[in-house]
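Please read the structure below before turning to the comments.
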2 protein chains.
Amino acid sequence: MRLTAKSEYGVLAAIDLAVSFGGGPVSAREIAERRRIPPRFLEQVFVSLRRAGIVSAQRGARGGFSLNRDPDDITVLDIVEALEGPLSASVCDSERGEVCGQAGACAAAPVWSKATQALRDVFASTTIGELAGAQVVLDGSPADRA
Amino acid sequence: MRLTAKSEYGVLAAIDLAVSFGGGPVSAREIAERRRIPPRFLEQVFVSLRRAGIVSAQRGARGGFSLNRDPDDITVLDIVEALEGPLSASVCDSERGEVCGQAGACAAAPVWSKATQALRDVFASTTIGELAGAQVVLDGSPADRA
DNA sequence: CTAATTCCTACTTGATCAGTAGTGTTTGCA
DNA sequence: TGCAAACACTACTGATCAAGTAGGAATTAG
C-alpha cells in the first residue's frame, strides 16, 4: 500500500524546478545529483511528466526541464497521477463499480472509495509551490541555489 | 497504489462473520463459497486474522472462525493492518522520519505523512458492524442467511 | 563539429502478489 | 475407535511489477 519511487522522485524534482521557476531549464542530471536520485531513472520520470504536460523539455546542450505552469497551480495529485496512473485504493473501487466478484452486492466497496477520495483530497490540496517554499527554508538561504 | 487482495477478502470475510455474530463458528470454506474467494487463500487470510487476535479458530469437524470482539469494535483498519502490515503511503514516510535519501531536508515528507494519516482515518472510522448492516440490506432479508 | 542534453526502447534483477499444493493436527460425531 | 471435516504450517509457482541499467538516436548551444 504505497506509492512507487517514481512519485517520490517526481515530487522532489518538481519542487526543485519550482525553486528555480522563471530561470532557464534545469537539466535532469543536475537535479539528480542535488536530490540523490539515479540520473537515468529520473530521466524517465521527466519523460512521463512531459507527456502529462506538467513540464517542458528543452533538448540539446544547456537544455533541461522547466515547469509549464506556475508552481502554485500544480498539485501533488497532478504529479502522482502522471506517474502512477489514476489513484485507487483497492481493486474493488474504480469508477467502473463492481470490479470485485461481488457483483454490485459488495458492502465493502464504499470504504475503498472513501479511501481513494481521501488520498485524492490530500494530494490535490497540496501544491508544488507550497512545498517549494518549505524546501527553500530547509535548504537555507535561497541565494545558495541561485 | 492499492491494497492487496488480502485486505479485500479479509474485510469481506469479517463482514460475513459479523452477520452471523453470536452463532457458532463459520467455516472458511463456507465463506469462500458465499463470497467467491479462493478457499485455500482465504484460509491463509484467516490465519493472519487469528494471529492478530481478531478472530478465534475452532478446529476440527463443525469448526470454523468467529469474531473475538463485537463487530462494532472492529475497524477496517484493524483488518487491513493485520493483513498488510502498518499503513504507509510512501517510502519516505513511516515513523522513522528520514527513510528517503534526503536526510531530514525533504520538503515532500509531510505530504506523505498526511496521506497515510488520511487513509488511517478513513479505515479507523469504519467498523465491521456498520458494513455488516449494509451487507444484510444488500443481501436481502437476513433470514435468508440464518 | 562537438559536447551536452533529452528521447525511446529494451533489458535485468529482485520482490511481491495471488494462488496452489501437500501434509500435519485437532475434533465432532456415528 | 475411526473417519471426515476443519484449521495450521510450509513450501512452491507463475505472473506481474518495481527500480534501475543500458545503448543508442535525435536535437541543439556554442
Side-chain angles (χ1 to χ4, degrees), chain A residues 1-10 12-13 17 24-33 35-68 80 83-85 88-92 99-101, chain B residues 1-10 12-13 16-17 24-68 80 83-85 88-92 99-101:
Chain A
M1 185 53 186
R2 50 172 56 165
L3 298 168
T4 69
K6 282 188 180 179
S7 289
E8 194 149 331
Y9 295 156
L12 287 176
L17 289 185
V26 184
S27 79
R29 192 167 55 77
E30 197 183 330
I31 297 180
E33 275 171 14
R35 297 295 159 199
R36 303 232 179 76
I37 301 171
R40 309 256 358 223
F41 193 50
L42 181 59
E43 229 179 72
Q44 295 184 15
V45 169
F46 268 124
V47 169
S48 299
L49 293 181
R50 177 183 57 81
R51 289 206 252 244
I54 296 170
V55 303
S56 319
Q58 164 85 29
R59 294 171 75 152
R62 313 283 296 168
F65 297 92
S66 42
L67 294 178
N68 264 343
V80 168
L83 297 172
E84 314 257 349
S88 183
S90 170
V91 243
C92 178
V99 189
C100 67
Chain B
M1 185 54 184
R2 50 171 58 163
L3 299 167
T4 69
K6 282 189 180 178
S7 290
E8 194 150 330
Y9 294 156
L12 287 177
D16 202 284
L17 289 184
V26 184
S27 79
R29 193 167 54 78
E30 197 182 331
I31 297 180
E33 277 172 13
R34 189 152 45 218
R35 297 295 160 200
R36 303 232 179 77
I37 301 171
R40 309 249 8 214
F41 193 52
L42 181 60
E43 231 180 68
Q44 293 183 17
V45 168
F46 268 124
V47 169
S48 298
L49 293 180
R50 177 183 56 82
R51 288 206 253 246
I54 296 171
V55 304
S56 320
Q58 165 85 31
R59 292 171 75 150
R62 314 280 298 167
F65 297 92
S66 42
L67 294 178
N68 266 343
V80 168
L83 297 173
E84 314 258 350
S88 185
S90 169
V91 243
C92 176
V99 189
C100 65

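Convention: sequence-line order gives letters A, B, ...; per-chain numbering from 1.
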Note to self: Under a 3.5 Å distance rule, please check whether A:Q58 uses its side chain to pair with a backbone N or O of A:F65 as donor and acceptor.
What the structure shows: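 Pair absent, no side-chain N/O of A:Q58 close to backbone of A:F65.
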Notebook entry, point to check: Can you tell me if A:E43 uses its side chain to pair, donor with acceptor, with the backbone of A:A28 under 3.5 Å?
Noted result: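 Between the backbone of A:A28 and the side chain of A:E43 there is no qualifying donor-acceptor contact (under 3.5 Å).
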Check: Between the side-chain atoms of A:Q44 and the base atoms of D:dT21, is any donor-acceptor pair under 3.5 Å?
Finding: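 Yes, a donor-acceptor pair under 3.5 Å.
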Notebook entry, point to check: Any N or O donor-acceptor pair linking the side chain of B:R59 to the base of D:dA6 at under 3.5 Å?
Noted result: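 Answer is no: no donor-acceptor pair is held.
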Separation of [X] atom [atom1] from [N] atom [atom2], in whole Å?
{"X": "A:E84", "N": "D:dA19", "atom1": "CD", "atom2": "C1'", "answer": "12 Å"}
{"X": "B:E33", "N": "D:dA5", "atom1": "CD", "atom2": "C1'", "answer": "13 Å"}
{"X": "A:K6", "N": "D:dC17", "atom1": "NZ", "atom2": "C1'", "answer": "10 Å"}
{"X": "A:F65", "N": "D:dT27", "atom1": "CZ", "atom2": "P", "answer": "15 Å"}
{"X": "A:L83", "N": "D:dG20", "atom1": "CG", "atom2": "P", "answer": "14 Å"}
{"X": "A:L3", "N": "D:dA18", "atom1": "CG", "atom2": "P", "answer": "11 Å"}
{"X": "A:E43", "N": "D:dA26", "atom1": "CD", "atom2": "P", "answer": "16 Å"}

Check: Which is the 5'-most and which the 3'-most nucleotide of DNA chain C that has an atom under 4.0 Å from a heavy atom of chain A?
Finding: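 For DNA chain C, the relevant span reads C:dA4 to C:dA10.
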Next item on the list: Identify the two heavy atoms, one from A:P25 and one from A:S66, that lie closest to each other, and give their separation to 0.1 Å.
Entry: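 Taking A:P25 first and A:S66 second, the nearest heavy atoms are CA-CB, 4.4 Å.
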Notebook entry, point to check: So, for A:L42 and A:A13, which heavy atoms are closest and what is the spacing to 0.1 Å?
Noted result: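 Looking at all heavy atoms of both residues, the closest pair is CD1-CB, 4.0 Å.
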Check: Does A:R40 put a side-chain nitrogen or oxygen below 4.0 Å from OP1 or OP2 of D:dG24?
Finding: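 For A:R40, the contact criterion (side-chain N or O under 4.0 Å from OP1 or OP2 of D:dG24) is not met.
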Next item on the list: Check whether any side-chain N or O of B:S27 sits under 4.0 Å from OP1 or OP2 of D:dC7, and answer yes or no.
Entry: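 False: B:S27 side-chain N/O out of range (4.0 Å or more) of D:dC7 OP1/OP2.
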Is there side-chain contact between [X] and [Y], with heavy atoms separated by less than 4.5 Å?
{"X": "B:L12", "Y": "B:I31", "value": "no"}
{"X": "B:V26", "Y": "B:L17", "value": "yes"}
{"X": "A:N68", "Y": "A:V55", "value": "no"}
{"X": "A:R35", "Y": "A:Y9", "value": "no"}

Next item on the list: Report the distance from atom CD of B:E8 to atom CD1 of B:I37, rounding to the nearest 0.5 Å.
Entry: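 Nearest 0.5 Å value for the CD-CD1 distance: 9.0 Å.
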Checklist line | Nearest-nucleotide comparison on DNA chain D, the residue closer to the 5′ end among B:V26 and A:Q58 | finding: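 Checking each residue's closest nucleotide, the 5'-ward one belongs to B:V26.
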Check: To 10°, what angle do the rotation axes through the five end pairs on each side of the helix from C:dC1-D:dG30 to C:dA30-D:dT1 form?
Finding: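 Rounded to the nearest 10 degrees, the bend comes out at 10°.
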Next item on the list: Have a look at B:F46 and say if it touches a base, only the backbone sugar-phosphate, or nothing, with a 4.0 Å heavy-atom cut-off.
Entry: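 It contacts nothing in the nucleic acid.
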